[in-house]
Amino acid sequence: MATNATDYDPAQIEAAWQRYWEENKTFRAIDPQTDATAARRDDDRSKYYVLDMFPYPSGTGLHIGHPEGYTASDIVARYRRARGYNVLHPMGWDAFGLPAEQYAVKTGTHPRETTARNIENFRSQIKRFGFSIDWDREINTTDPDYFRWTQWIFLQLFRHGLAYVDDRPVWFCPALGTVLANEEVIDGKSEVGGHPVERRALRQWVLRITRYADRLLAGLKNVDWPESTKTQQINWIGRSEGASIVFALADRDEALDVYTTRPDTLFGATYMVLAPEHPLVPHLTKPEYRDAVEGYVREAAGKSDLDRTDLAKEKSGVFSGSYAINPATNEKIPVWIADYVLMSYGSGAIMAVPAHDERDYEFAIEFGLTVRRVIHKEDSNGADHPLPYTGEGTMIHSGAYDGIASQEGRKRIIADLEKRGIGRASVNFRLRDWLFSRQRYWGEPFPIVWVADTDYERIGGNVATGLPKDPVCAEFNGEKRYAVPIPTSRLPVELPELDRFQPSESGESPLANSRDWLHVWLHSESGETRPRMDENRPGDAWIAGVRETNTMPQWAGSCWYYLRYCDPHNNREVIGSDRERYWGVPDLYIGGAEHAVLHLLYARFWHLFLHDIGVVSTEEPFTRLFHQGIILGEDGEKMSKSRGNVVNPDAIIEEYGADALRMYLMFLGPLEDAKPWNPKGIDGPFRFLRRTWRALIDKDGKPSTKIETDSGDDPELQRSLHETIKKVGEDIDRLRFNTAISQMMILLNQLQKTDRISLESAKTFVQLLAPFAPHIAEELWERLGGEPSVSDAPWPEFDKNLLEVREVTIGVLVNGRPRGELRTTPDAPESEVLEAARKSERVAAHLADKTVRKVVYVPGKILNLVVS
RNA sequence: GCCCGGGUGGCGGAAUUGGUAGACGCAGCGGACUCAAAAUCCGCCGGUCGCGAGACUGUGAGGGUUCGAGUCCCUCCCCGGGCACCA
């Protein structure tokens, strides 16, 4: 409720209104069908769901970049509420993650404690901004009531054959005794301590996102996203069209399958290359080359993908001793092993066409292999284009295909190979399956128990309903084990309590150290588990199992959190279908561009899957996406502790108030741009708010005597007001807050100059300001006689008639140069304007002893006289 | 190397998509108020020339299209982001 401040006092006002909103639950989102109150059940407003990317609650507290996006979404939320929408604007915590775990390793503090403390801090910092968040829907990915459903979704993926296990190389640091993430490894050393690291193959869970590659690509056509983000995803998915071609080996039965985008260059394939991991490498290697090949393969296995793709490195490889037959030329061509070919793309083998591929060319030069030009193209001097030439051209040295354009040749060669049964058109994706496990403590445990094969066969009942068609199995110390799901009714599988959070010596997650938790008896029908360490087999139906020790990556919880806000306390389902149908997906999603690919792609994948199994009714989770740009330090550099250019939001609020900070964050420039923080700049918005106060409130704290109830404004002010109503509304829709604020500043400048303002106009102005600076707006609104909250008052409509311009200033130009202005009507006829222009001395001077050759008149804009 | 963005006053940025470039704000300068300072209010504020009216010039560089280009086309330079042996 209104304070008794006599001058603008943000500290007092903001605290009072934040208390009011909290006590009155002003920003509660109503769930129409399911609310306990009859009146709310019948709420027939349209919904509007505005979502921010939820933060990771770090120990360092809120960064100035966080509230930038949050303020933008809050303005939209408050605006939509005023426009009569039932708005859902929630907040939560993406709280699993490495920092809390690393802190635990160092200090022994449980990550749960650290996380709780950080969330507490983040929440209170965020609350100081006065965002219109429905705090009753707050979620936390580390809450068992939340991750229970993350595990549930994983089990659905598992059951549908979209989760499997594979040995994948990871970074392991023997000195630290731990697995490291890619970004923790710098130049082959651990970032912490600088110890050497090595590649180790560990059992990993992988999700078959590649099965959705086509749909993930197609779906991008239907979303309103920044073009650059769509492009990034398109490139990441990397669809390419080409051909699979079979090359017979020279003296043996086996054949090599290759993928190429340029079947038209088949006649130029003068050698072949296999990835070092290719399964045929051992078979193909002739005895006299064995040592060299094995050495090379071993070396390649020790390198990371990063090492192998390092462009600075020269091409390396070894000859296998074997030959293949080029199906076009019937020539014998050598088969090489080289790590510039990746096992994970296509078939892990290529036909090398050095004349028309830069990588093959470099390799051929390095090892003295044949280079044969098969595509003809002249360069700008009419000479043969230098090799390698990777563009299109005319086929040459290609037998019957000579003279055909390369694009056409591709089709013909594919068709001809297909007739011979040794080739077909094929599509490949750059996208890889998603490595979904981490050797960590602070993540969602996998609800999986590993059992022996004989036990797997005995499984029935409850447990069997969750099994995939093809069993998921892996080897543990040489024994084959099968993955069995914990029944969804027994979720969540919680993390064991630990004293030490160090990873296990084997490079497994710290969970492997928790022996009680790890070894279980599993009831083969009900899926119940009991500790196995100090208990004998409880009965025939019980089988011995070992829990999965990996945990899920941080992406897991953020893949579906936007659904949970719609139904945060549902303990029966991920999301109730009524709620799902009503709220659907966010109408606007705001967050940083750094998540352009991973989070946004993973979430789309899960959403599509949830659609396929009937959990959600839509195919895309984020129909409209917007990235806020980062805020740079005063020096124009990225903010960082080491540069000492970090801006602390708390300190700014202390000095200027949350409203001024919100205004300034939005006034800085276009939301999507990166923009430097100018510490003096906030004075502008702050002064604007104080001037607003003083324009409407007198020194005694009462409404200004300039404000009159019974008289209207002068027409000029009226027009400005309605222009502002129009512009602010449109700009909010377009997320152009900087120009909306400029317009309000222009209006205030006029307001200050007049000596009479109608109460109606004053209140309208306060309403326009409310989404941006809600605290001062509430205060002014109530003092002007409005009923709180201002956010419940319907958004003002502009009057089109008032906007109609009766008189305009047009520019008069001679030969395109401005030579004065003219007041006229927007629809004045050319003759009239021309006559008026000629009368102007200045124009006349420029027309003297010249002939007017042409007159260009754009009504309401310009009059241009072309003379000579 | 490839793919996206983007270069406008001292600074952050406007410019209804081809129609008077520099709105709004910061900083600066001048003035009013004040014993004084702060705060506040008023005015000026791209560059060059001019006492002035005004003239010339100006949106990264160069060329082009147009009556008219910050905006469209071509070439180049610089900055930011993403991808990076994907055959």
Side-chain angles (χ1 to χ4, degrees), chain A residues 226-236 238-240 242 258-262 265 273 305-306 308-311 313 315 338-342 344-353 356-360 362-363 390 428-432 593-594 596-597 627 629-630 632 636 638 663-664 667-670 672-685 687-688 690-691 694 727 730 736 738-746 748-749 752 809-822 841-842 845 853-867:
Chain A
E227 276 310 312
S228 61
T229 303
K230 282 202 265 187
T231 310
Q232 275 186 59
Q233 290 216 352
I234 289 166
N235 293 341
W236 188 265
R239 184 179 197 276
S240 93
V258 303
Y259 173 74
T260 177
T261 52
R262 294 296 300 269
T265 62
V273 184
D305 290 353
L306 213 71
R308 286 176 58 167
T309 60
D310 192 344
L311 270 188
K313 283 222 171 64
K315 293 270 182 296
D339 67 2
Y340 82 90
V341 172
L342 309 176
S344 49
Y345 187 78
S347 61
I350 61 155
M351 62 176 215
V353 185
H356 305 291
D357 181 283
E358 282 166 18
R359 298 148 304 180
D360 296 343
E362 199 190 320
F363 190 84
T390 58
N428 252 293
F429 293 91
R430 218 189 68 115
L431 183 69
R432 305 293 148 82
E594 66 273 19
V597 178
H627 299 308
I630 56 170
L632 305 167
K638 216 165 166 171
M663 293 284 283
Y664 184 48
F667 187 61
L668 227 36
E672 65 273 29
D673 286 3
K675 14 184 200 278
W677 176 266
N678 172 1
K680 294 294 287 181
I682 192 169
D683 282 325
R687 284 174 199 152
F688 166 75
R690 191 168 52 190
R691 285 194 297 134
R694 291 177 183 172
K727 183 147 182 67
E730 285 172 357
R736 300 290 300 267
N738 55 331
T739 48
I741 293 171
S742 296
Q743 181 60 38
M744 288 191 283
M745 287 173 166
I746 292 169
L748 176 66
N749 288 344
Q752 269 188 311
T809 308
I810 71 165
V812 181
L813 298 79
V814 178
N815 282 344
R817 290 158 191 269
R819 301 297 180 197
E821 314 186 317
L822 208 56
E841 262 181 58
R842 203 172 146 202
R853 300 257 173 236
K854 191 172 175 182
V855 177
V856 182
Y857 174 53
V858 183
K861 304 276 188 203
I862 52 107
L863 174 74
N864 189 13
L865 306 175
V866 186
V867 304

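Letters go in sequence order (proteins before strands), and every chain restarts at 1. Quantities reported herein were computed from a predicted structural model and do not represent experimental measurements.
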Atom [atom1], compared across [N] and [M]: separation rounded to whole Å:
N: G60(B); M: C24(B); atom1: C1'; result: 25 Å
N: U71(B); M: U65(B); atom1: P; result: 15 Å
N: A37(B); M: G19(B); atom1: C1'; result: 50 Å
N: G52(B); M: A69(B); atom1: C1'; result: 33 Å
N: C72(B); M: G6(B); atom1: P; result: 10 Å
N: C45(B); M: G62(B); atom1: P; result: 28 Å
N: C85(B); M: G81(B); atom1: C1'; result: 22 Å
N: A14(B); M: U59(B); atom1: C1'; result: 13 Å

Can you tell me the distance, in whole Å, between the [atom1] atom of [X] and the [atom2] atom of [N]?
X: Asp360(A); N: C85(B); atom1: CG; atom2: P; answer: 14 Å
X: Gln233(A); N: G81(B); atom1: CD; atom2: C1'; answer: 16 Å
X: Ile630(A); N: G5(B); atom1: CD1; atom2: P; answer: 19 Å
X: Asn235(A); N: C83(B); atom1: CG; atom2: P; answer: 10 Å
X: Asp683(A); N: A27(B); atom1: CG; atom2: P; answer: 6 Å
X: Lys315(A); N: C85(B); atom1: NZ; atom2: P; answer: 9 Å
X: Asn815(A); N: C67(B); atom1: CG; atom2: C1'; answer: 8 Å
X: Glu227(A); N: C3(B); atom1: CD; atom2: P; answer: 16 Å

Side-chain N or O of [X] closer than 4.0 Å to phosphate OP1/OP2 of [N]:
X: Arg687(A); N: A27(B); answer: yes
X: Arg817(A); N: A55(B); answer: no
X: Arg690(A); N: A39(B); answer: no
X: Arg819(A); N: A53(B); answer: no
X: Ser240(A); N: A87(B); answer: yes
X: Arg842(A); N: A55(B); answer: yes
X: Gln743(A); N: C24(B); answer: no

What is the pairing partner of [N], taking Watson-Crick or G-U wobble pairs with both distances under 3.5 Å in any strand?
N: C56(B); answer: G47(B)
N: A36(B); answer: none
N: G1(B); answer: C83(B)
N: U16(B); answer: none

Between CE on residue Met663(A) and CE on residue Met744(A), distance to nearest 0.5 Å: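 Taking CE in Met663(A) and CE in Met744(A), the distance rounds to 5.0 Å.
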Gap separating the NE2 atom of His356(A) from the CZ atom of Arg262(A), nearest 0.5 angstrom: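 Separation between the atoms: 7.5 Å.
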Selected nucleotide, minimal atom distance to Asn749(A) side chain, candidates C24(B), C67(B), C85(B):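 That would be C24(B).
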Out of C24(B), C26(B), A84(B), whichever nucleotide has its closest atom nearest the side chain of Lys680(A):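 Among the listed nucleotides, the one closest to the side chain of Lys680(A) is C26(B).
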Sugar-phosphate only, base, or nothing, as touched by Arg691(A) at under 4.0 Å among non-hydrogen atoms: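 It contacts sugar-phosphate atoms only.
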Touch class at under 4.0 angstrom, heavy-atom based, for Glu594(A) against every strand present: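 Contact class for Glu594(A): none.
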First encountered from the 5' end of RNA chain B, between Arg430(A) and Gln232(A):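 Final value for this comparison: Gln232(A).
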Earlier contact from the 5' end, RNA chain B, for Thr261(A) and Glu358(A):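 This one resolves to Glu358(A).
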Reading 5' to 3' through nucleotides 6-23 of chain B, protein heavy-atom contacts under 4.0 Å coded B for base, S for sugar-phosphate only, - for none: ------BSSSB--BBS-B
Close side-chain approach of Tyr664(A) and Phe688(A), heavy atoms under 4.5 Å: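 Heavy-atom side-chain distance check fails, nothing below 4.5 Å.
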Heavy-atom side-chain contact between Ile862(A) and Val812(A) under 4.5 Å: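 SC-SC contact between Ile862(A) and Val812(A) ruled out.
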Flag if over 12 foreign heavy atoms under 6.0 Å of CD, Glu594(A):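 Correct, the count exceeds 12.
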Charged tip of Lys315(A) within 45° of Tyr340(A) ring normal and under 6.0 Å: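 Output yes; distance and angle both within limits.
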Asp360(A) side-chain N/O to Val353(A) backbone N/O, donor-acceptor pair under 3.5 Å: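 Confirmed, Asp360(A) side chain pairs with Val353(A) backbone.
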Side-chain donor or acceptor of Asp357(A) paired with backbone N/O of Ala352(A) under 3.5 Å: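 Flag not set: sc Asp357(A) to bb Ala352(A) has no pair under 3.5 Å.
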Syn/anti label of G9(B) as read from its glycosidic torsion, with the cut at 90° from 0: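 Judged by the O4'-C1' to base torsion, G9(B) sits in syn, the angle falling within 90° of 0.
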U17(B), syn or anti by chi within 90 degrees of zero: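 For U17(B), whose glycosidic angle is within 90° of 0, the conformation is syn.
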Pair Arg430(A), Asn235(A): side-chain N/O donor-acceptor within cut-off below 3.5 Å: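 Note: Arg430(A) and Asn235(A) side chains miss the donor-acceptor criterion.
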Lys/Arg N to Asp/Glu carboxylate O, Glu227(A) vs Lys230(A), below 4.0 Å: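 Lys230(A) and Glu227(A): salt-bridged.
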